[in-house]
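Data block below; observations after.
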Amino acid sequence: MNCCRRVFKIMFLPIALLVSTAMAFAQEPPPTEQQSTDSAKPQDQAPPAKDDAPPQPTPVLNEMQSTANPPEIRGMNSAAPLPSGRVSPVQLGPLYLQSLSFFQSENAITVSGQPGTNWESVSVFRTNIVFDHSFKTSRVAVQYEPRLTIVNGQAFTDTSNLNGNWTTTFYASPRLNISIDDNLNYFGQQGQFDNLSLLADLTTGTLVQSRFLDGSGHLLSNRAELPISYLVSPRGRLDITPFFEYYKATGSASISHSRSPGGRVSYGYALSATRGIGVSYSVQDTTFSSTLPTTLYQTIAANYSQILSPTLRYSIGAGATLSSATAGTTSVSSTESTVNATFNLIKSFRDSSLSFNYYRGQAAGLQITNGFADRFDLAYDRRLSQRTRASVAGGYYREFLSATDTSGYFFSGSLSYLLTQRWSVVTQYAYKHQANGGSAFETGNLHYIAAGVRWESNHHDSY
């Protein structure tokens, strides 16, 4: 309770000030169409004439969402928003089949301290089932990925993944909205074999990294938050977001869970329809299982983002994080500080795309730890013909000032051929190395080669 009180005191005053200010403006007329730079788009840009033309990016400062549209939720295994409405030929109301696949792989695994190479023959049957329902300003989505995994003839049914989202928005005034969001993730196995590539969406600027470190057990995470957004001026927006995060992993007996109440205050300003700047402050008080001390993280950061063209956008940010560890009821026992940074780049060409992401800061969630991490990801995707597509990707992860100091990297490549509008044949190869994973992640190497077929609900006339 002490950690909750600390975060509450830090976050309460700005929230109270915001609400009182909003009440004063509640009777004001809504901003005119000139007041929001989010809806302003270059007038000399004609809409794409072809299906393979690049999408029009979202302006750098998103406007407060219209009450006519349901909130957006990101799709599982995707950087793009989850589509709504009639999206699959196999659909019953809000319930539909998004994809199904079968892959056969051969894995060569070497583990530090163990002689020889372990060979595994793995068959994976997988499907994605989605329940998505919107009503007024609320949206509920459950994305379930059941799997049947057969390893060297032995069947496993407990490797399924689940993602559940609930979000609702209250429009208190033309300038103020308050949302309630909850995001639950359950991973039946820690680590990915396929789909290691960095995922990118040019329209929204979203980038999603893979969970490529391999470990035993399951991982559950949940984040609940209360975003409060206030339109301060035609170009500026203030966001205050109290949140609570929970992680639980079964692969490690020593670091099994963490609880983190916290909050974030940010201000974004649109310099133009394609350029924006922002500053933020966040505080997070994390209580771990008995092995690690309770740690208070405080972060300040600034960022700049720009859309250089309809096919190129980037963002860059930097700041500092201070962590204060407390053992039991004693005073602060240790303090660490580090620089944090981010850099994102998405570029679309005529027949290909390139994406890059760099992150340095509080550990990116590959495992439960009290430290910080560097993470690089690079992905390149190219259309070789109307039906053939190839992609290559690589990534690197390194923890520091951490109890585990885990590190790892991967390289992957894939080649796919479109058989019909929805069926495709896919071949994949990946190499992964990881070290210093403690009891959750072993040190070793993995070679993975696979081939399979995939069906997707998205309609493809061609690549």
Side-chain angles (χ1 to χ4, degrees), residues 51-52 75-80 82-83 86-92 95-108 119-130 143-163 187-189 191-199 208 210-212 214 351-353 379-393 410-432 446-463:
D51 292 339
D52 60 352
M76 177 185 283
N77 303 322
S78 173
L82 183 70
R86 186 73 184 180
V87 298
S88 173
V90 185
Q91 183 167 351
L92 180 62
L95 184 68
Y96 64 88
L97 178 66
Q98 188 177 58
S99 68
L100 58 88
S101 64
F102 166 75
F103 280 88
Q104 179 65 39
S105 69
E106 297 295 326
N107 304 337
W119 292 89
E120 292 183 346
S121 178
V122 182
S123 303
V124 179
F125 300 85
R126 175 172 53 197
T127 184
N128 282 58
I129 302 170
V130 178
Q143 303 173 73
Y144 179 50
E145 188 180 75
R147 301 182 183 186
L148 171 62
T149 304
I150 302 174
V151 181
N152 295 333
Q154 184 177 2
F156 299 89
T157 58
D158 61 346
T159 60
S160 302
N161 293 338
L162 175 68
N163 173 259
F187 299 93
Q189 63 184 42
Q192 291 179 237
F193 291 92
D194 58 348
N195 301 324
L196 299 179
S197 179
L198 176 68
L199 302 174
V208 179
S210 66
R211 306 180 61 86
F212 74 91
D214 288 340
D351 295 316
S352 61
S353 63
Y380 179 73
D381 184 88
R382 182 173 180 82
R383 183 178 66 182
L384 303 178
S385 69
Q386 287 293 98
R387 292 179 176 269
T388 308
R389 182 177 290 274
S391 65
V392 293
F410 75 89
F411 302 100
S412 68
S414 67
L415 182 68
S416 59
Y417 181 78
L418 194 66
L419 297 172
T420 67
Q421 292 175 344
R422 294 185 173 90
W423 284 98
S424 60
V425 177
V426 183
T427 59
Q428 300 173 335
Y429 168 77
Y431 169 75
K432 296 196 289 186
L446 167 70
H447 291 272
Y448 163 89
I449 185 169
V453 293
R454 176 185 292 142
W455 178 91
E456 295 180 285
S457 61
N458 296 333
H459 185 285
H460 296 287
D461 290 324
S462 68
Y463 281 119

Q | side-chain contact (heavy atoms from CB on, under 4.5 Å) evaluation trace for Tyr144 with Met76 | A | CA-CA 9 Å; Tyr144 179 50; Met76 177 185 283; over 6 Å; no
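- Between Glu145 and the options Asn77, Thr127, Val130, Asn163, a side chain to side chain contact (heavy atoms under 4.5 Å, CB included) holds for only Asn77.
- Checked against side chain to side chain contact (heavy atoms under 4.5 Å, CB included), Val151 has the following partners two or more places apart in sequence or in another chain: Glu120, Val122, Thr149, Phe156.
- Note that OH of Tyr96 and CZ of Arg86 are 11.5 Å apart. Values are rounded to the nearest 0.5 Å.
- Applying the side-chain hydrogen bond (donor to acceptor under 3.5 Å, both in side chains) rule to Ser160 yields no partners; only residues at least two apart in sequence or on another chain are considered.
- In this structure, Arg387 contributes its side chain and Leu418 its backbone to a donor-acceptor pair below 3.5 Å.
- A distance-only check finds a donor-acceptor pair linking the side chain of Gln91 to the backbone of Val87 [under 3.5 Å].
- Taking the six-membered ring where the residue is Trp, Phe212 and Phe410 present tilted rings, their angle falling between 30° and 60°.
- One finds the CG atom of Leu198 at 11.5 Å from the CG atom of Asp381 (value rounded to the nearest 0.5 Å).
- A search for side chain to side chain contact (heavy atoms under 4.5 Å, CB included) contacts involving Leu384 returns Arg382, Thr388, Ala390, Leu415, not counting sequence neighbours.
- Between atom CG of residue Leu97 and atom OG of residue Ser457 there is a gap of 7.5 Å, rounded to the nearest 0.5 Å.
- Neither side chain, Glu456 nor Ser99, offers a donor N or O lying under 3.5 Å from an acceptor on the other.
- Rounded to the nearest 0.5 Å, atoms CZ (Arg454) and CG (Leu419) are 12.0 Å apart.
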Q: Step by step, work out the side-chain contact (heavy atoms from CB on, under 4.5 Å) result for Arg147 and Phe125.
A: CA-CA 6 Å; Arg147 301 182 183 186; Phe125 300 85; over 6 Å; no
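- With sequence neighbours excluded, no residue satisfies side-chain hydrogen bond (donor to acceptor under 3.5 Å, both in side chains) with Gln98.
- When only modelled atom types and interatomic distance are considered, Ser391 and Ser414 share a side-chain donor-acceptor pair under 3.5 Å.
- When the shell of 6.0 Å around CH2 of Trp423 is examined, it contains more than 12 heavy atoms from other residues, nucleotides or ligands.
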Q: Kindly determine whether Leu148 and Val124 satisfy side-chain contact (heavy atoms from CB on, under 4.5 Å), including the steps that lead there.
A: CA-CA 6 Å; Leu148 171 62; Val124 179; over 6 Å; no
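- For Thr427, there are no side-chain hydrogen bond (donor to acceptor under 3.5 Å, both in side chains) partners at least two apart in sequence or on another chain.
- How far OG of Ser353 is from CZ of Arg383: 11.5 Å, rounded to the nearest 0.5 Å.
- A cation-pi arrangement is absent between Arg126 and Phe102 under the rule of less than 6.0 angstrom and at most 45 degrees off the ring axis.
- Leu199 and Ser78 get closest at one heavy-atom pair: CD1-N, 3.5 Å.
- Between Trp455 and Val90, the closest heavy-atom pair is CH2-CG2, 4.3 Å.
- When each of Val425, Val426, Leu100 is tested with Val453 by the rule side chain to side chain contact (heavy atoms under 4.5 Å, CB included), just one qualifies, namely Val425.
- Under the rule for a side-chain hydrogen bond (donor to acceptor under 3.5 Å, both in side chains), Ser88 has no partner lying at least two apart in sequence or in another chain.
- Closest heavy-atom contact between Ser412 and Ser197: OG-N, 4.5 Å.
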Q: Step by step, work out the side-chain contact (heavy atoms from CB on, under 4.5 Å) result for Gln428 and Leu196.
A: CA-CA 10 Å; Gln428 300 173 335; Leu196 299 179; over 6 Å; no
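- A pairwise comparison of heavy atoms in Asn107 and Ser105 identifies OD1-OG, 3.5 Å as the closest pair.
- Here CD of Gln104 is found 3.5 Å from OG of Ser123. Values are rounded to the nearest 0.5 Å.
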